[in-house]
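Heads up: numbering here begins at 1 and tracks the sequence. Just so you know, ligand 1 is whichever comes first in the structure, and atom 1 is the first atom listed for that ligand.
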Amino acid sequence: MFRRVLVANRGEIAQRIIRACRELGIETVVVYSEADADAIYLRQADETICIGPAAAAKSYLDIPSIISAAEIADVDAIAPGYGFLAENAHFAEVCRSCNIHFIGPDPETIAAVGNKSNAREMALSAGAPVVPGSDGPVEDEQTALTVAKEIGYPVMIKASSGGGGRGMRIARNDPSLINGFHAARAEAEAAFGDPTVYVEKFVENPRHVEIQILGDRDGNVIHLGERDCSVQRRHQKLIEESPSPSVSPELRARMGAAAVAIAKKAKYHNAGTVEFLLDRAGDFYFIEVNARIQVEHTVTEMVTGLDLIQQQILLAAGERLPLTQDEVRFQGHCIECRINAEDPSKDFQPSPGLVELFVPPGGPGVRVDSHVYSGYRIPPNYDSMIGKLLAHRSTRTEAIRTMLRALDEFIIQGPPTTIPIQRRILNHSDFRAGDHDTGFVERHYSGQPVISMKESR
Ligand code: MV4
């Protein structure tokens, strides 16, 4: 096992990794930028190393600085968390060449699934359902038109190096496809340095359902059920839950089997997520593999009772999976709200700054993962997540009730937060009926002023 791990991240996930290491008896070394010098989790680490200024490019994304810190602190492994270098195949490769374990999948796997068009081909060859579309990349507009004729409009043009919603275009006819093809290529080239695109049938207002998987170095892969992440706005998730109200045990088994087959094809060794779209007819389609631990991994932890960060560390150290698929048990219903310092009444504009008072909720069925404390200043340099609030109860109805109670209890004085809109969504009849898709937030809450906490009671 590892003796010492370097945490190459910040905020709540840095704290989460420190907690996991502590329980495993592993020492932690946390790197931080000048903007994070007053982070409280630094006190929970065994050692801290400042790696540069606030700008992420000069600290959390700076590979030489992080590797130097790892060498100086003499760690066995690096935990990248999510974002920053988590899905950077080159960084995983550098770690390997320095004899430092990367707590994530192998660089070859990250690269293979990081190319979305390639991941699509892998899913196809694994026998998983994939959205109808092009065989590999589309090199010219003529090919794009031919593919669109075959599969029918509407179609989506996606960047091979994209993901998470960047570099995508929808086309509903030939002229808009020609336009979108060139626009998507230009955008992809500018954003990712790779103009390659592919074409897929556009699934209108799908649900976003993702399967958590774990794979060990012996090639064993299990799935830990799904998370429904349909409540999102501009690819920023607001509420996640498990189980999904639109997934039956039978559908879960089929989606799980598809995710496991894809992970095996990718030689996936660690924690990962296979993303699917689920349409109104109940058909599901593979879209992407996320080669990292995700923000919402906590939801799966609550319903499975597993510590996914500890599992990531153990798997990276070469341990075998501690359980078989048959031994995975799902208990109750978990809902998570991502609490962001954003102003829903100002088009979700990030609102960093001083948190004068921070009193998290507690009591039965409540979990809060947050690095914030009273008097903490949220730096403007990174994402604006304050923390994650989870409610875990026997049933969905009870989980919603506990979440509403916890949201009411949560005191965050200073920046405006997403809490008012999350309260409204949880009270919405369509959400309560489980009748919501990825268009839900935009349909119901776009541009509308969100009424304040007191008014909405
Ligand atoms: C799609 C799609 C419809 N059809 N692909 C957006 C993020 C990226 N992971 C994939 N995305 C989508 N791909 C086809 N062929 C709709 C989306 C999509 C979406 C997906 C998941 C969650 C929220 C979303 C919001 C808008 C669009």
Side-chain angles (χ1 to χ4, degrees), residues 82-83 86-87 113-121 123-124 128-138 144 147-148 150-172 176-177 180-181 184 187-188 191-192 197-211 226-242 244-247 255 259 262 272-281 283-292 294-296 299 336 338 348 425 431 436-446:
Y82 49 70
E87 288 171 282
V113 303
N115 182 317
K116 307 297 168 188
S117 162
N118 186 62
R120 199 183 130 78
E121 299 303 304
L124 266 172
V130 169
V131 195
S134 57
D135 299 327
V138 172
V147 172
E150 274 167 30
I151 63 178
Y153 285 107
V155 302
M156 210 167 198
I157 308 136
K158 295 183 170 184
S160 295
S161 297
R166 295 192 303 164
M168 303 191 318
R169 282 283 189 293
I170 300 166
R172 296 182 186 275
S176 89
L177 175 60
F181 174 76
E187 202 177 302
F192 319 110
V197 297
Y198 61 106
V199 174
E200 275 181 358
K201 177 91 182 173
F202 177 58
V203 183
E204 305 243 20
N205 291 328
R207 295 169 204 261
H208 175 165
V209 178
E210 57 188 32
I211 302 280
E226 78 282 6
R227 292 183 291 260
D228 191 314
C229 307
S230 299
V231 180
Q232 55 83 47
R233 193 189 159 277
R234 298 194 191 163
H235 310 295
Q236 279 285 99
K237 293 165 185 167
L238 284 165
I239 299 175
E240 301 107 345
E241 65 181 305
S242 186
S244 165
S246 34
V247 173
M255 293 182 81
I262 293 164
T273 299
V274 184
E275 271 187 39
F276 295 98
L277 300 179
L278 181 61
D279 69 15
R280 288 268 155 193
D283 292 320
F284 67 93
Y285 305 95
F286 165 85
I287 47 167
E288 295 178 13
V289 176
N290 296 319
R292 61 169 188 279
Q294 289 186 237
V295 174
E296 61 270 27
V299 171
E336 172 173 279
R338 285 194 199 187
F348 289 79
I425 294 167
F431 179 83
H436 56 283
D437 55 40
T438 50
F440 177 78
V441 180
E442 262 98 348
R443 277 200 303 278
H444 294 286
Y445 304 99
S446 73

Check your understanding: In this structure, are over 12 heavy atoms from other groups packed under 6.0 Å from D135 atom CG?
Key -> no
Practice item. Scan E200, E288, E275 and name whichever one has a salt bridge (charged side-chain N to carboxylate O under 4.0 Å, His left out) with R120. Key: E200
**Study point:** No-hydrogen, no-angle side-chain donor-acceptor test under 3.5 Å, N290 and T273
**Key:** no
Point to revise | Taking every non-hydrogen atom, the tightest pair across P206 and V203 | key: CD-O, 3.3 Å
Check your understanding: How long is the gap from CG on L177 to CD1 on I170, to the nearest 0.5 Å?
Key -> 12.5 Å
Which N/O atoms of ligand 1 sit under 3.5 Å from a protein N/O, and at what distances?
from     : atom 1 : to   : atom 2 : distance (Å)
ligand 1 : 4 (N)  : V203 : N      : 2.9
ligand 1 : 5 (N)  : K158 : NZ     : 2.8
ligand 1 : 9 (N)  : E275 : OE1    : 3.2
ligand 1 : 9 (N)  : E288 : OE2    : 3.0
ligand 1 : 13 (N) : K158 : NZ     : 3.1
ligand 1 : 15 (N) : E200 : OE1    : 2.8
ligand 1 : 15 (N) : K201 : O      : 2.7

Review point. So, for L238 and F348, which heavy atoms are closest and what is the spacing to 0.1 Å?
Key: CD2-CE2, 4.1 Å
